[in-house]
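The figures here come from the full heavy-atom set of this structure, side chains too, leaving out hydrogens, waters and symmetry mates. Proteins come first, then strands; the chains are lettered A, B, ... in the order of their sequence lines, and each starts at number 1.
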2 protein chains.
Amino acid sequence: MKRTTIIDIARSLGITPSTVSRALAGNLRVSESTRKRVQEKALEMGYQPNIVASSLRRGKSDTIGMLVPRINRHFFSHVISAVEEILNPAGYNLLICQSHEKSELENQALQVLLKNRVAGIIMSHAMETVDFEMARKATEERVPVVQFDRVNKEVPGPRIVNDNFSGAYMAVKHLIRGGYSRIAHLTGSLGVNVYSERHRGYRYAMEEASLDFDELVFEGAITRETGYEKALQLVKQHRVDAFFCAGDFASVGTIQAIHDCGLRVPEDMGVVGFANEPFAGFITPQLTTVEQNAYDMGHRAANALIRVIGGQIMTGMDQEEVVPVRLLVRESSMRATVNNK
Amino acid sequence: MKRTTIIDIARSLGITPSTVSRALAGNLRVSESTRKRVQEKALEMGYQPNIVASSLRRGKSDTIGMLVPRINRHFFSHVISAVEEILNPAGYNLLICQSHEKSELENQALQVLLKNRVAGIIMSHAMETVDFEMARKATEERVPVVQFDRVNKEVPGPRIVNDNFSGAYMAVKHLIRGGYSRIAHLTGSLGVNVYSERHRGYRYAMEEASLDFDELVFEGAITRETGYEKALQLVKQHRVDAFFCAGDFASVGTIQAIHDCGLRVPEDMGVVGFANEPFAGFITPQLTTVEQNAYDMGHRAANALIRVIGGQIMTGMDQEEVVPVRLLVRESSMRATVNNK
DNA sequence: GTTTTTTGTGCAATCGTTTGTATTTTTGTA
DNA sequence: TACAAAAATACAAACGATTGCACAAAAAAC
């Protein structure tokens, strides 16, 4: 059986669809009595408005596109959740796509979102992405784009980023205070803003303390496995006494490597991670890391998008919002009686 | 500037929109030459088909609704990811909603999905939900529903569930083999299929070994906090020597409680969890737990939905698919030299 | 009691595609 | 050259809601 439409309701009440439409929309130009009748009838017939038709006619949809590298990453899934928390009450729904860290899939996903005529896009780029043309095109087609975490300035619109610089700076400074000095930095591609900023923070802290860091920075060591390998190599060479990893997974691999070399954390070597993955507080030793507030970020991104859609921010004027981070000092870096700040 | 439509393309080529539509759809009734011309023009004008209009006309959308209690749960986010892996290549997109474990929000979300005329729904119920009317209504409105993990037989259509019974049975049997006998079971609401099945497995194993379990089953102890409290109480009363928790979070709380009482895991008390949360292999002691394959489940759910949409499964005929689970034996339960099976 | 204003509805076009049917053009054949 | 068959394209009506405008009825003003 067909779904009931406003036409069905109209017919069964002997009025026109336009009146039904207005009645359901709560338009004041329709009398109280018919509004009641329409609402009752709609309920009785189990009417569900057809958003598709409505969107087409209104020329705008209530769907927001969300594009992330991977839904199943702790950080991203929490951002999504936070975005939804803001956008749902505001009457929007989320069409979610993953890029799987591939530029090609990212572009495809953007196309899909545009084809679906989303009212706006909240996205974080794939690591691989260097060409941001597609995202720019979206804004040119009047679809506002809000970037978060992995952002690029070539794309107009608000950007919400973590305070990666300060987080890294605090982390490294904390290690230095703890008496570590040959601090290696394992990180991802420095072409990605997230990692370049953390790298900047690392350098700043090292330079400030007049410590040498040439040949102590290693790109492409961000997973547990690659972290393990690089750390194993460095520890064996006796070149370092601490690690600042740009991610917690690499930190886990690093700790493993240190243990496998018969050394202790933090007594022999300190380790600090980044992200505060859920396991960071559980592992042995508990991992000192930089906490990034995914909820805060999601809320900000959603609110920024709402402002852009509402015309409160001009498309041209792009702005960056920085979400504060926190250094969580735990066992993996507490060699001595160290001051937490 | 307005987005280009097939009408624009038609005009600029001196043909009709219908021909353009057919050309882009690859319809064989349009000549090779015009098809080429249309495709080129479309590319040149940056044409993006309007899926909204298309959906309206075709009476069906390419969007699948996905409804989960919480996106940011490890298990659910992985299922989502797996579903997307299957559905994306098949030309579908995912509209994702969360119920936040609330029946009311679950129903609202279902309404939203129906209003958006999704082609199908893949869902897992909120713990709270006891009234499944809304999900039934969806199938009555010809929107196929596939349930996974938290399912209910009142709702027609495929159900994909973990082998909770066997998982629990294996877990408890493993504890018994290890020499534990006063095994408590901390779990969630037994009104939820997931927990009732695990409970059944627990009972079966206990009965099989002629062990007493009256007053050893506790509902409402599923979080880290509630798990901690209940465990603390039981340990202090010297009533138990092992715990089978229906979730890993409760297991973490339990281990904490045992430690806080000055006892050791697994020497004094054994602990087995359920889910294999990402931290399970990292914590100390490493947690023995039942691994549920979220990817497998997602793939099956997506494929089931595709089959229903394709008419390969009658709506009436409901079927349950059981995803196998695996017991991962780790430190938290290995008191003696135990056989892993 | 007439005119003006207000209020409530109806009419009809529109959003951008799709698709059944009609029409034109092309091709093949006698 | 004519004519049927086949191929390519055009026409027009949907899909279901929204909305500017017209219009009737009721209320208010004179």
Side-chain angles (χ1 to χ4, degrees), chain A residues 1-39 41-42 45-63 91 114-119 141-143, chain B residues 1-39 41-42 45-63 91 114-119 141-143:
Chain A
M1 63 192 85
K2 254 179 73 278
R3 309 264 259 274
T4 69
T5 72
I6 54 168
I7 301 181
D8 301 325
I9 298 177
R11 237 194 306 262
S12 83
L13 285 174
I15 55 178
T16 48
S18 47
T19 304
V20 175
S21 173
R22 279 189 263 255
L24 292 172
N27 191 311
L28 293 173
R29 288 186 46 189
V30 41
S31 72
E32 184 65 31
S33 63
T34 54
R35 203 183 314 164
K36 268 272 159 54
R37 288 198 304 148
V38 169
Q39 281 166 348
K41 203 65 175 180
M45 301 178 76
Y47 171 72
Q48 296 277 13
N50 187 331
I51 299 269
V52 178
S54 170
S55 299
L56 176 58
R57 173 60 234 245
R58 286 177 9 243
K60 48 170 56 189
S61 88
D62 305 320
T63 310
L114 292 179
K115 284 196 282 194
N116 276 278
R117 298 296 189 267
V118 293
E141 299 215 4
R142 306 271 208 79
V143 180
Chain B
M1 63 191 88
K2 254 178 75 278
R3 309 263 259 274
T4 69
T5 72
I6 53 170
I7 301 181
D8 301 326
I9 297 177
R11 238 195 305 263
S12 82
L13 285 174
I15 56 177
T16 48
S18 47
T19 304
V20 174
S21 173
R22 279 190 257 257
L24 291 172
N27 190 312
L28 294 172
R29 289 184 45 189
V30 40
S31 71
E32 184 65 31
S33 64
T34 54
R35 204 183 313 164
K36 268 272 159 53
R37 289 198 303 148
V38 167
Q39 282 166 347
K41 202 67 175 179
M45 301 179 76
Y47 170 73
Q48 295 277 15
N50 187 332
I51 299 270
V52 177
S54 171
S55 298
L56 175 60
R57 173 59 234 242
R58 287 176 10 241
K60 48 171 56 188
S61 87
D62 305 321
T63 311
L114 293 179
K115 285 197 281 194
N116 276 279
R117 297 297 189 266
V118 293
E141 299 215 4
R142 305 271 209 77
V143 180

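- Using a 4.0 Å heavy-atom cutoff across all strands shown, A:Ser31 reaches sugar-phosphate atoms only and no base atom.
- Panel note: side chain A:Arg3, backbone A:Gln48; no donor-acceptor pair is recorded below 3.5 Å.
- Note on the helix from C:dG1-D:dC30 to C:dA30-D:dT1: angle between the axes of the first and last five pairs equals 50°, rounded to 10 degrees.
- OP1 and OP2 of D:dG16 both lie 4.0 Å or more from every side-chain N or O belonging to A:Tyr47.
- The line from CZ of B:Arg22 to OG1 of B:Thr34 is 11.0 Å long, rounded to the nearest 0.5 Å.
- Under 4.0 angstrom from either OP1 or OP2 of D:dA17 there lies no side-chain N or O belonging to A:Ser21.
- Using modelled atom types, one side-chain atom of A:Ser55 and one backbone atom of A:Ile51 make a donor-acceptor pair closer than 3.5 Å.
- Remark: P of D:dA17 and NZ of B:Lys115 are 12 Å apart, rounded to the nearest angstrom.
- For DNA chain C, the outermost nucleotides in 5' to 3' order that have an atom under 4.0 Å from a heavy atom of chain A are C:dG8 to C:dG16.
- Expressed to the nearest 0.5 Å, how far CD1 of B:Ile6 lies from CD1 of B:Ile15 amounts to 10.0 Å.
- Residue-level contact check: A:Ile15 touches the backbone only, with heavy atoms under 4.0 Å from sugar-phosphate atoms and none from bases.
- With the nearest nucleotide of DNA chain C identified for both A:Gly14 and B:Gln48, A:Gly14 has the one nearer the 5' end.
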**Prompt:** Can you check side-chain contact (heavy atoms from CB on, under 4.5 Å) on A:Thr5 and A:Asn50, steps first, answer last?
**Reply:** CA-CA 8 Å; A:Thr5 72; A:Asn50 187 331; over 6 Å; no

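- Between the CG atom of A:Asn50 and the P atom of D:dT18 there is a distance of 9 Å, rounded to whole Å.
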> Do A:Lys41 and A:Val38 pass the side-chain contact (heavy atoms from CB on, under 4.5 Å) test, and can you show the C-alpha distance, the side-chain angles, and the key distance before you say yes or no?
Replying inline: CA-CA 5 Å; A:Lys41 203 65 175 180; A:Val38 169; 5.7 Å; no

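- Side-chain atoms of A:Arg35 come within 3.5 Å of backbone atoms of A:Val30 as a donor-acceptor pair (strictly under, hydrogens ignored).
- Of the residues in residues 52-59 of chain B, those with a non-hydrogen atom less than 4.0 angstrom from any atom of DNA chain D are B:Leu56, B:Arg57.
- A distance of 8.0 Å separates OG of B:Ser31 from CZ of B:Arg37, quoted to the nearest 0.5 Å.
- We find that CD1 of A:Ile7 is positioned 8 Å from C1' of D:dA17, with the value rounded to whole Å.
- Summarising the geometry, the separation between CD1 on A:Ile9 and C1' on D:dA17 is reported as 12 Å, rounded to the nearest angstrom.
- Rounding to whole angstrom units, CD1 of residue A:Ile6 and C1' of D:dC15 are separated by 12 Å.
- Once rounded to the nearest 0.5 Å, the distance linking NZ of A:Lys115 with OH of B:Tyr47 reads 9.5 Å.
- B:Arg117 places no side-chain N or O within 3.5 Å of a backbone atom of B:Gly59 that could act as its donor or acceptor partner.
- Among the heavy atoms of the strands lying under 4.0 Å from A:Thr5 are primed sugar atoms or P, OP1, OP2 only; no base atom is included.
- Nucleotide D:dA10 holds its P atom 10 Å from the CZ atom of B:Arg22, rounded to whole Å.
- Whole-Å rounding puts the A:Ile51 CD1 to D:dA17 P distance at 10 Å.
- Under the 3.5 Å distance criterion, the side-chain polar atoms of B:Asn116 are left unmatched by any main-chain donor or acceptor of B:Val118.
- Taking CE from B:Met45 and CG from B:Leu13, the interatomic distance works out to 8.5 Å, rounded to the nearest 0.5 Å.
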